[in-house]
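This report refers to the structure that appears directly beneath it.
The shown structure was predicted, so the numbers you read here are calculated from the model rather than taken from an experiment.
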Amino acid sequence: MSEQPTSSAQRPAIVGHRGASAHAPENTLAAFRRGIEDGAQLLECDVHLSADGQVVVMHDETIDRTAAADSPLRTGAIGDLTRAELDTVLLEDGEKVPSLKELLEMTTVPVFIEVKIAAAAKAVAEQLRALPAGSPAAASTVISFDADALAEIRRTTDTPVSYLVEQVGEKELATARELGAAGIGPSVKGLSLRAAAAAREAGLAVNPWTINSPEQLDVALACGVATVTTDDPAWVQHELDVRGR
C-alpha cells in the first residue's frame with residue numbers, strides 16, 4: 001500500500017470551523033459571514049435540538065460557555081430550552097444563537113453540518129430536503145461522530161455524509177463504508193500518511209479537523225487531504241498561496 005498522497009499539488013478546500021471562529025464568536029452568523037469573506041469555500045457548524053424540536057447552531061450541549069456575561073439567560077441545556085428562550089440568549093459581541101435554517105438561508109457556500117446528537121438528524125434531514133435545488137446550501141455535507149445520525153441522513157436524503165473520528169483505523173473505515181460515506185474526518189493529531197492512504201483506497205475523501213498551526217497544515221498537505229478545517233480561513237488561504245498550492 002502506497003503511503004504517498006495521490007496528488008501533492010492539489011489545493012484543498014478551506015472549511016471555516018464554526019465560521020471564522022478565530023475572529024468572531026463561534027457558530028454565529030457574524031462568524032459565518034467572516035469565514036466566507038476570508039476565503040472559506042465551505043463552512044462548518046454544530047447543531048443540537050431545542051426542547052421544541054428546532055435545530056440550533058451551537059457546539060456545546062449547554063449555553064454556559066458561550067453566553068455573554070450580560071446575557072439575560074446564561075445557563076441551561078439546549079435540549080431543555082425552547083427556541084423562544086434561546087432567542088433571549090446574548091453571545092459575545094451582541095450575537096444571537098442562530099438556527100440552522102438561518103445559516104442555510106444566508107450562506108453562499110456549502111456547509112459541513114455536524115450533528116451532535118442522533119435525535120437531531122431527522123430534523124436536519126427535513127431541512128435539507130426542503131432546500132431549493134442548486135442553492136449553495138443544497139451542496140452541503142452532514143458530518144458526525146454518531147453513526148446512527150449519519151445513517152438517518154443517508155436513509156432519508158441524498159445529502160453526502162462524512163464520518164468523524166479521532167483517528168483512521170480498520171473499524172472506522174468499515175463503519176464509513178457501511179454508511180456509504182463520501183469522506184472520513186479524523187483529528188489532525190491522529191492523521192498519518194498511512195491512514196490517509198487507507199482512507200483514499202476505501203474511496204473516502206480525507207477531511208481532517210482542526211488545523212490552526214503551520215505544523216498541522218504541513219501534516220494535512222503531506223497527506224493529500226480534500227479539505228482543511230480551520231478557525232482562521234484567511235490564514236490558511238495565505239499559507240496555501242505562499243506554498244504555491
**OP:** Given side-chain hydrogen bond (donor to acceptor under 3.5 Å, both in side chains), test Asp231 with His17 step by step and report yes or no.
**Re:** CA-CA 5 Å; Asp231 295 340; His17 183 241; 2.7 Å; yes
Original post:
Does Leu49 belong to the same Ile/Leu/Val/Met/Phe/Trp/Tyr cluster as Val124, with side-chain heavy atoms less than 4.5 Å apart forming each link?
Top reply: yes
Subject >> Lys96 and Asp87 ion-paired at < 4.0 Å >> reply: no
Subject >> Stepwise side-chain hydrogen bond (donor to acceptor under 3.5 Å, both in side chains) check, Asp64 with Thr75 >> reply: CA-CA 5 Å; Asp64 299 30; Thr75 187; 2.8 Å; yes
Subject >> Passing option when Pro208 is tested against Leu191, Ile184, Val15 for side chain to side chain contact (heavy atoms under 4.5 Å, CB included) >> reply: Leu191
**OP:** Keeping the roles fixed (side chain from Ser135, backbone from Pro132), state whether a donor-acceptor pair exists under 3.5 Å.
**Re:** yes
Original post:
Does the side chain of Thr156 reach to within under 4.5 Å of the side chain of Lys122, using non-hydrogen atoms?
Top reply: no
Subject >> Cluster link Leu128 to Ile117, ILVMFWY, side chain under 4.5 Å >> reply: yes
Original post:
Does the side chain of Glu61 come within less than 4.5 Å of Ile78's, by heavy atoms?
Top reply: no
Original post:
Looking at Asp60 and Arg65, does any basic side-chain N land under 4.0 Å from a carboxylate oxygen?
Top reply: yes
Original post:
Under the criterion side chain to side chain contact (heavy atoms under 4.5 Å, CB included), which of Gln127, Glu152, Arg129 is the partner of Thr157?
Top reply: Arg129
Original post:
Can you list the steps and then say if Ser50 with Asp52 is a side-chain hydrogen bond (donor to acceptor under 3.5 Å, both in side chains)?
Top reply: CA-CA 5 Å; Ser50 69; Asp52 51 348; 2.6 Å; yes
**OP:** Determine yes or no for a side-chain-to-main-chain donor-acceptor pair under 3.5 angstrom, with Arg177 supplying the side chain and Ala202 the backbone.
**Re:** no
**OP:** Work out which heavy atom in Thr88 is nearest to a heavy atom in Glu85; give both atom names and the distance.
**Re:** OG1-O, 2.6 Å
Original post:
Where do Gln237 and Asp38 land on the side-chain contact (heavy atoms from CB on, under 4.5 Å) test, with the steps shown first?
Top reply: CA-CA 8 Å; Gln237 181 166 246; Asp38 285 356; over 6 Å; no
Original post:
Are Asn207 and Ser162 linked by a side-chain donor-acceptor pair shorter than 3.5 Å?
Top reply: yes
**OP:** Using a 4.5 Å cut-off on heavy atoms from C-beta on, say whether the side chain of Leu217 contacts that of Val228.
**Re:** yes
Original post:
Are any of the side-chain nitrogens in Asp241 or Arg11 under 4.0 Å away from the carboxylate oxygens of its partner?
Top reply: yes
Subject >> Nearest heavy-atom neighbours spanning Ala149 and Ala121 >> reply: O-CB, 3.6 Å
Original post:
Of Val111, Ile113, Thr28, Val47, which is the lone residue that meets side chain to side chain contact (heavy atoms under 4.5 Å, CB included) with Leu103?
Top reply: Val111
Original post:
Could Asp218 and Arg243 be called an ion pair, given the rule that one side-chain N must be under 4.0 Å from one carboxylate O?
Top reply: yes
Subject >> Cluster check Leu150, Phe112: I/L/V/M/F/W/Y, side chain < 4.5 angstrom >> reply: no
**OP:** Decide yes or no for Val55 and Ser99: does some side-chain heavy atom of the first lie under 4.5 Å from some side-chain heavy atom of the second?
**Re:** no
**OP:** Could you please spell out the steps behind the side-chain contact (heavy atoms from CB on, under 4.5 Å) verdict for Tyr163 and Ser144?
**Re:** CA-CA 6 Å; Tyr163 184 38; Ser144 186; over 6 Å; no
Original post:
Do Leu164 and Leu173 share a hydrophobic cluster, counting only Ile, Leu, Val, Met, Phe, Trp and Tyr and linking them when any side-chain heavy atoms are less than 4.5 Å apart?
Top reply: no
**OP:** Please examine the side chains of Leu42 and Ile14, heavy atoms only from C-beta on, and report whether any two atoms are closer than 4.5 Å.
**Re:** no
Original post:
Under 3.5 Å, is there a donor-acceptor pair between the side chain of Gln216 and the main chain of Asn212?
Top reply: yes
Subject >> Lys116 bridged to Glu114 by N-O distance under 4.0 Å >> reply: yes
Original post:
Do other residues, nucleotides or ligands put more than 12 heavy atoms under 6.0 Å from the CG atom of Asp70?
Top reply: yes
Subject >> Test item: Arg83 and Val97 side chains (from C-beta on) under 4.5 Å apart, heavy atoms >> reply: yes
**OP:** Please examine the side chains of Val89 and Leu91, heavy atoms only from C-beta on, and report whether any two atoms are closer than 4.5 Å.
**Re:** yes
Original post:
Judged by modelled atom types alone, do Asp46 and Asn27 share a side-chain donor-acceptor pair under 3.5 Å?
Top reply: yes
Original post:
Does any N or O in the side chain of Thr107 come within less than 3.5 Å of the main-chain N or O of Leu104, such that one atom is a donor and the other an acceptor?
Top reply: no
**OP:** Identify the two heavy atoms, one from Ala40 and one from Gly16, that lie closest to each other, and give their separation to 0.1 Å.
**Re:** CB-N, 3.8 Å
Original post:
Within a strict 4.5 Å, meaning less than it, do heavy atoms of the Pro72 and Leu90 side chains meet?
Top reply: yes
